[in-house]
Amino acid sequence: MGIKIPNVPMKLGGIKVNMSNNKQYNVAVVGATGAVGQKIIELLEEEPFEINDLKLLSSKRSAGKKLTVAGTELTIEEAVPESFENIDIAFFSAGGSVSEKLVPEAVKRGAIAVDNTSFYRMNPDVPLVVPEVNEAALEQHEGIVANPNCSTIQMVAALKPLHDAYGLDRVIVSTYQAVSGAGLAAQDELTNQTKQLLNNEEPEAHILPAGSDKKHYPIAFNALPQIDVFTDNGYTKEEMKMINETKKIMEKNDLPVAATCVRLPVFTSHAESVYIEVEKDGVSAEELKETLKNGKGIVLEDDITTQTYPTPLSAENKKEVYVGRVRKDPDTDKGFHLWVVSDNLLKGAAWNTVQIAISLVNKELV
Ligand SMILES: NC(=O)c1ccc[n+]([C@@H]2O[C@H](COP(=O)([O-])OP(=O)(O)OC[C@H]3O[C@@H](n4cnc5c(N)ncnc54)[C@H](OP(=O)(O)O)[C@@H]3O)[C@@H](O)[C@H]2O)c1
């Protein structure tokens with residue numbers, strides 16, 4: 001099985017793809033039936049690099065199902081260690097326990113694993129990469145590259161040009177996150193609960209705020225100040241991911257970061273209200289906007305005279321990170337507020353993952 005994708009140079013998301021080495025890659029997608037896996041497959045259909053063979057992997061449940069990719073019907077297989085024989089690049093988005101077990105099997109067989117789960121992110125030997133921010137970290141890879149948490153990716157993409165220009169002293173973020181961040185089952189739950197409530201029925205809650213936690217609350221017409229389970233310090237795991245991953249990606253362990261993560265009844269795209277304090281004196285909001293406008297992978301949508309700002313709906317199906325509502329804090333000269341929005345399934349997951357693979361190909365690291 002496999003697909004042949006023709007060698008057509010492409011320009012994706014501002015990155016010119018250099019295919020001068022003319023190599024063809026055997027690629028595996030683990031979690032091919034999931035919310036992220038489906039998006040990875042769509043992006044591979046855009047031919048980001050030359051693919052010789054594409055293998056779609058899932059659990060036993062979906063093995064045998066068919067998916068049509070670039071006009072070719074492929075059969076989904078159960079992911080087992082032998083699935084990774086002759087694979088060059090393996091994309092993992094099937095949960096941490098699957099990555100724990102199968103990423104080493106893929107690496108042992110010579111593949112580079114680009115992992116979307118949180119399992120390897122804070123491992124000091126694993127680069128945690130947002131290509132616009134720390135692409136050079138890929139050069140240190142030993143077979144595994146981790147893709148950061150969705151809410152972290154869009155925030156650090158916006159912070160990077162500001163940090164380079166003015167230095168960052170503090171980051172405080174509140175998120176407004178979409179249900180697709182919790183997978184396809186959470187999207188179904190929002191649909192079903194919305195129908196139930198509109199029919200005056202009791203909403204059934206089984207997944208959110210965290211599938212593994214004791215209590216579940218309806219997400220329809222609601223806002224849940226819990227994403228993932230709580231940790232001992234009173235923050236949730238999602239909040240701690242944002243805090244720890246931001247420091248690692250920005251290579252600034254002493255950067256104060258605090259996060260409050262909230263789930264909203266929105267299907268796609270996470271929004272974030274980000275407060276920053278910069279090191280430099282006398283910076284204006286206009287300067288900040290100009291810097292953001294020139295930032296890699298960032299689109300500034302900020303004009304209050306025309307009510308222009310990004311929203312989850314306007315960012316859906318787009319690869320960039322959108323920033324608006326840039327304001328100086330009324331009381332703190334070095335403080336600024338930003339509104340950062342991006343498609344969590346694309347830049348927050350699948351697109352960042354594919355961008356990592358493009359960088360690995362361009363840098364001849366695979
Ligand atoms: N959604 C996001 O915005 C986002 C962002 C960044 C990272 N992530 C991470 O990416 C991972 C997947 O997220 P998702 O939202 O795509 O979840 P999802 O929609 O629930 O999909 C889960 C996928 O994993 C597969 N799977 C489950 N158990 C498996 C097993 N034992 N062996 C092989 N495959 C197995 C499922 O296959 P079956 O069809 O066989 O069940 C399905 O393809 C999670 O670790 C998540 O934290 C998600």
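Hydrogens, waters and symmetry mates are skipped; everything else that's a heavy atom, side chains included, is used. Counting starts at 1 for both ligands and their atoms, following the listed order. Nothing fancy with the numbering, it's 1 onward along the sequence.
For Phe267, the CZ atom sits in a packed shell: over 12 heavy atoms of surrounding residues, nucleotides or ligands are nearer than 6.0 Å.
When the side-chain hydrogen bond (donor to acceptor under 3.5 Å, both in side chains) test is applied to Asn149, the partners found at least two apart in sequence or on another chain are Ser151, Glu238. For the salt bridge (charged side-chain N to carboxylate O under 4.0 Å, His left out) test, no residue two or more places apart in sequence or in another chain qualifies with Glu204. Glu85 pairs by the salt bridge (charged side-chain N to carboxylate O under 4.0 Å, His left out) definition with Arg109, not counting sequence neighbours.
Annotation: ligand 1 has protein neighbours Gly31, Ala32, Thr33, Gly34, Ala35, Val36, Ser58, Ser59, Arg61, Ser62, Ser93, Ala94, Gly95, Val98, Asn116, Thr117, Cys150, Ser180, Gly181, Gly183, Leu184, Asn344, Leu345, Gly348, Ala349, each with a heavy atom less than 4.0 angstrom from the ligand.
The structure places CE of Met122 at 9.5 Å from NZ of Lys247, a figure rounded to the nearest 0.5 Å. Rounding to the nearest 0.5 angstrom, the gap separating the CD atom in Glu132 from the CD1 atom in Ile249 is 11.0 Å.
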